[in-house]
Amino acid sequence: MGGALGSLGEPLLPGAAADAWFCACAEVTWEAPRAGPAPAAAGPAPVTWVFPCYRWLRDGCVELREGSAATAADDATEPLLREQRRAELGQRRAAFQWEPFAPGWPRRLAAAATPQQLPPGQRVGPGRAGAFAARVAAGQIRVRLRGLSGAGGSWSSFEHIGRVLGCPPGPVADYVKRHWRDDAFFGYQFLNGVNPVLLRRCPRLPPNFAVTSAMVAPTLGPHTSLEQEMERGTLFLADFGLLDGIGGHRIAGEPQFVAAPLCLLHLRPTGALVPLAIQLSQTPGPDAPVFVPTDAPWDWLLAKLWVRCANFQLHEMVTHLLQSHFLAEVFTLATLRCLPSCHPLYKLLLPHGRFTFHINIMARETLLNPGGVIDQATAIGRAGTLELVARATAALSYAELCVPEDLERRGVTTIPGYYYRDDALSIWGAIESFVAGIVALYYREDSAVRDDPELQDWVDEIFTNGVLGNKDTGFPTALHSRPELVKFLTTIIFCCSARHAAVNSGQYDFAAWMPNTPATMRRPPPRAKGQATAESVLATLPSAGATGALLALLSVVSYEPGDLRPLGCYPEEHFTEEAPRRLIAAFQRRLARISRDIRARNAGLALPYAYLDPAEVQNSVSI
Ligand code: FE2
């Protein structure tokens, strides 16, 4: 009976045709007929077939297929099953369509401006929606109680900021508040903060960075030089060039500013990564001084704040929204459109798209809408974000999303204390091993990958709608072998789960003390040294109103609103055969070991890094 279809057509209760009900699965058990009374052991054991459904049903008829995964090739000789695949994909393509959101952006799910308009099966339940709405309201109330809502003007002192913001919301936020001025903590955040994928080794200076050996000699000390440190591989660069020329936004009528800095960091023999030189413009010259740690303290602090502000824009708009949220929507939409329910890759990937449409619609409604949070709180606003994400989509590379390749190309494989790297590699390895097992089960040879038309359509839709057909991104246009498929699937699952957790979950921790993460600046970048004072720094930081708008958001989106699905947790059993279920169990055991190792390491750290503890990582981009 493998591969059989069944129909569910009748409502469970008479007169209940108008009420939708959720069908998880149907089970059919067959027992051998017995001619007469016989001992239990005499006949064959009953056999049960499972028909996964996992969708809301109302009236009419739904066809379910027995749960064994099958590619198109497996059904090649069964006209009924071939027709069922074709019909299912036809329905899906009608319900889930591509639509542009903004020029140069990945395309999104069409005709779904509000969560209520989502196709059935993709809506969140009332419990989750209610919990989310309650937390949004609570965040806004907290902001109003602190007097942050809509308030303009400058802060009178850092103590004033502390009084208004109140107690840090947790131990990490408390650590941030105590260490935000430290150079070592500034460097630490490039490794283990919310944007841990920007830093790269600097074997030679970019031609537009005017730092010289003489400028940094007092900081480096005797017996070395800028050139020697570059040769040793101890210099790293954070380049915010993608922001160059973006700006001009106003908040409450007040102009806002952002810089596109170049920041050079030095890995000291002690293992501390510290900033060595900061140029706030991509264009060197007399108006773009190179700030160094030996400058006047307020000059140096202000230069670091400009870097932190630029880092916020790149992190939030590019690493978080583009590379996690909007790419996850592309992966999920292509999966729904191209792979029928019986396809092994549909069964593998569906849990990693859970609630992604919903949260992205919410993001477009409340963050990216004109006058939304991005307009209220950030330096570049909505117009700048539209430009920045388009630039970042054009500059995207497949390699930067594949963890081992990304670490190699950035030259950061040996830098100590890089917990994001260590944990990301562990999780990448676990996903890769799991995925390789699934691929080996359903694709016996490379030609099976090449000859799977549904799979190739799926790859093509991701390439066409995700990176807009840009071959320079290195995204595959087709897959030719099982290793290529394993890499692509590992990348997708990692991006939808661990990568999003790494760049999402710490947002409130690192931003709750606003001076550590200023989302906008109210004065232009300094064009000379020796002018910064405590007053000018305070006058540059975001207003109370902008701070409140951002913190109300981050206090909500940094935490899942319940109904958790940690990485590798698949309560909806789309795979019904023993072999894939054994692979899932092995995946879960490996993730549990990684979780134990991370917790053991964190026990010895002054500032634990828990964002990639698999128990805290969600299966999908859902917040
Ligand atoms: Fe997120």
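Residue numbers start at 1 and run along the sequence shown. We count ligands from 1, going down the list as the structure has it; atoms in each ligand are counted the same way.
Centred on the Fe ion (ligand 1), the angle running from His325 (NE2) to His320 (NE2) is recorded as 90°, rounding to 10°.
Phe326 places a side-chain heavy atom less than 4.5 Å from the side chain of Arg364. At a threshold of 4.5 Å between non-hydrogen side-chain atoms, the residues His249 and Phe257 do not count as touching. Within the 4.5 Å cutoff, no side-chain heavy atoms of Tyr175 are placed close to those of Asp509.
Classification of Glu99 and Arg108 as a salt-bridged pair holds, one side-chain N sitting under 4.0 Å from a carboxylate O.
Among the backbone and side-chain atoms of Ile623, an N/O/S atom is found under 2.8 Å from the Fe ion (ligand 1). Residue side and main chain included, Asn504 places an N/O/S atom under 2.8 Å of the Fe ion (ligand 1).
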